[in-house]
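Below is one structure, written out as structure tokens; comments come after it.
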2 protein chains.
Amino acid sequence: MRDWDRYDRQLLALLQEDALRTAEDLARDVALSPSAIARRVRRMREDGTIVADRAVVAEKIGPFLSAMVDVQLDRHALEPVEQLLRKLEARPEVQTILEVAGPFDLLVLVVVANMDAFNAFADAMLGSDPAVRRYETRFVKRRRKFTTAWPISPV
Amino acid sequence: MRDWDRYDRQLLALLQEDALRTAEDLARDVALSPSAIARRVRRMREDGTIVADRAVVAEKIGPFLSAMVDVQLDRHALEPVEQLLRKLEARPEVQTILEVAGPFDLLVLVVVANMDAFNAFADAMLGSDPAVRRYETRFVKRRRKFTTAWPISPV
DNA sequence: GTTGAAACTTAGTTTCC
DNA sequence: GGAAACTAAGTTTCAAC
């Protein structure tokens with residue numbers, strides 16, 4: 001794998017904020033010509049440094065109910081766990097799946113339309129799954145920050 | 001605020017996946033002409049339906065250490081709590097802040113370079129803050145899914 | 001091998017119906 | 001909303017370092 005010089009890191013930091021900035025505009029913040037910038041950005045999109053470019057949609061298109069579900073697994077066999085993870089990953093209601101250290105194994109952030117939909121989701125995905133020992137739910141009252149940006153230092 | 005017909009919702013669902021798709025390309029999935037699509041997308045970017053367009057950068061630019069911190073607040077006064085939240089929001093190491101129901105009030109996802117940086121962050125931001133009663137940390141072993149996409153139904 | 005400028009191509013915007 | 005003319009941005013080429 002390649003590595004990233006200060007220009008690449010600057011570009012990544014800026015594109016994390018706004019992926020639609022033009023090369024000419026980026027040249028105001030990065031000391032390279034627009035064509036060099038365009039080349040680097042395209043290359044990083046091609047080689048997987050930039051995994052995706054996504055529109056962030058306002059929460060108001062909802063209404064949405066979010067819940068953080070702490071899941072404790074039955075770790076007697078690996079395959080049922082992998083199956084559960086693949087099942088959860090595939091669901092559009094699941095925004096986040098983190099494997100964590102501690103008594104709970106998984107943190108799953110679920111977004112649904114209302115409480116009925118949450119209960120249906122939990123029953124279908126967790127209540128009946130052989131890999132799930134138990135789970136606890138915390139409902140989200142408010143999102144104060146929600147970003148995928150990494151803290152990229154200029155090296 | 002306006003509302004969103006099935007075309008808008010289709011476009012939002014598609015742009016959540018790939019914000020760089022051209023209007024011509026989107027016309028393959030949405031039954032509108034490229035010019036109608038371009039108009040709708042531009043309007044949704046202008047009116048705040050699309051809050052931002054962000055590049056998703058691969059985790060391999062790290063190395064990163066992530067931790068989910070459950071924070072219990074001292075809810076005797078509101079202003080110290082708001083101050084803490086603003087302080088956390090401003091930090092690039094903080095990807096997520098969720099206010100939740102239950103014994104803990106805040107879930108904070110923190111990304112740092114290593115364990116020293118985490119301890120420095122926790123000491124500076126939480127250990128010394130008057131609004132924080134206590135906190136518990138779960139370190140992230142793996143991210144299986146991490147997206148900001150809402151589950152948008154076609155209406 | 002990468003830069004920067006210019007020619008070229010593609011996509012977005014504006015105008016009109 | 002859709003089509004065409006127009007404008008702006010991305011891509012390719014090429015000379016220089």
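All heavy atoms count here, side chains included; hydrogens, waters and symmetry mates do not. Just so we're on the same page: letters track the sequence lines, and every chain starts at 1.
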Show every ring pair (Phe, Tyr, Trp, His ring centres under 6.0 Å) that has at least one partner inside residues 109-139 of chain B, sequence neighbours left out. Phe118(B)-Phe139(B)

Between the protein and nucleotides 13-17 of chain C, which nitrogen or oxygen pairs come in under 3.5 angstrom?
unit_1	atom_1	unit_2	atom_2	d
dT13(C)	OP2	Arg42(B)	NE	3.2

Report yes or no: does Arg133(A) contribute a side-chain atom to a donor-acceptor pair with the main-chain N or O of Asp74(A) at less than 3.5 Å? no

Hey, are Arg43(A) and Asp8(A) close enough for a salt bridge, meaning a charged N less than 4.0 Å from a carboxylate O? no

For DNA chain D, find the residues of residues 6-26 of chain B with a heavy-atom distance under 4.0 Å and give them by number; none if there aren't any. none

Under a cut-off of 3.5 Å for both distances of each Watson-Crick or G-U pair, what dot-bracket string does DNA chain C give, using [ ] for crossing pairs and | for inter-strand pairs? |||||||||||.|||||

Is a side-chain donor or acceptor of Trp4(B) paired with a backbone partner of Ile61(A) at a separation under 3.5 angstrom? no

Should the pair Asp5(A)-Arg40(A) be classified as a salt bridge under the 4.0 Å nitrogen-to-oxygen rule? yes

Heavy-atom donor-acceptor pair, Gln72(B) side chain to Pro103(B) backbone, under 3.5 Å: yes

Please determine if Glu59(B) and Arg144(B) form a salt bridge, counting it only when a charged side-chain N lies under 4.0 Å from a carboxylate O. no

Give one of base, sugar-phosphate or nothing for Arg40(A), where a contact means two heavy atoms less than 4.0 Å apart. sugar-phosphate

Can you pull the contact range of chain A along DNA chain D, 5' to 3', using atoms under 4.0 angstrom from its heavy atoms? dA9(D) to dT13(D)

Got a salt bridge between Arg21(A) and Asp29(A), using NZ or NE/NH1/NH2 to carboxylate O under 4.0 Å? yes

Kindly check if the number of other-residue, nucleotide or ligand heavy atoms within 6.0 Å of CD (Glu82(B)) is above 12? yes

With sequence neighbours excluded, residues passing salt bridge (Lys or Arg N to Asp or Glu O under 4.0 Å) with Arg42(A): none

Do any N or O atoms from the side chain of Trp150(A) and from the backbone of Gly62(B) form a donor-acceptor pair under 3.5 angstrom? no

Do Val81(B) and Met125(B) sit in one hydrophobic cluster, given that two such residues count as connected whenever their side-chain heavy atoms are within less than 4.5 Å of each other, even indirectly? yes

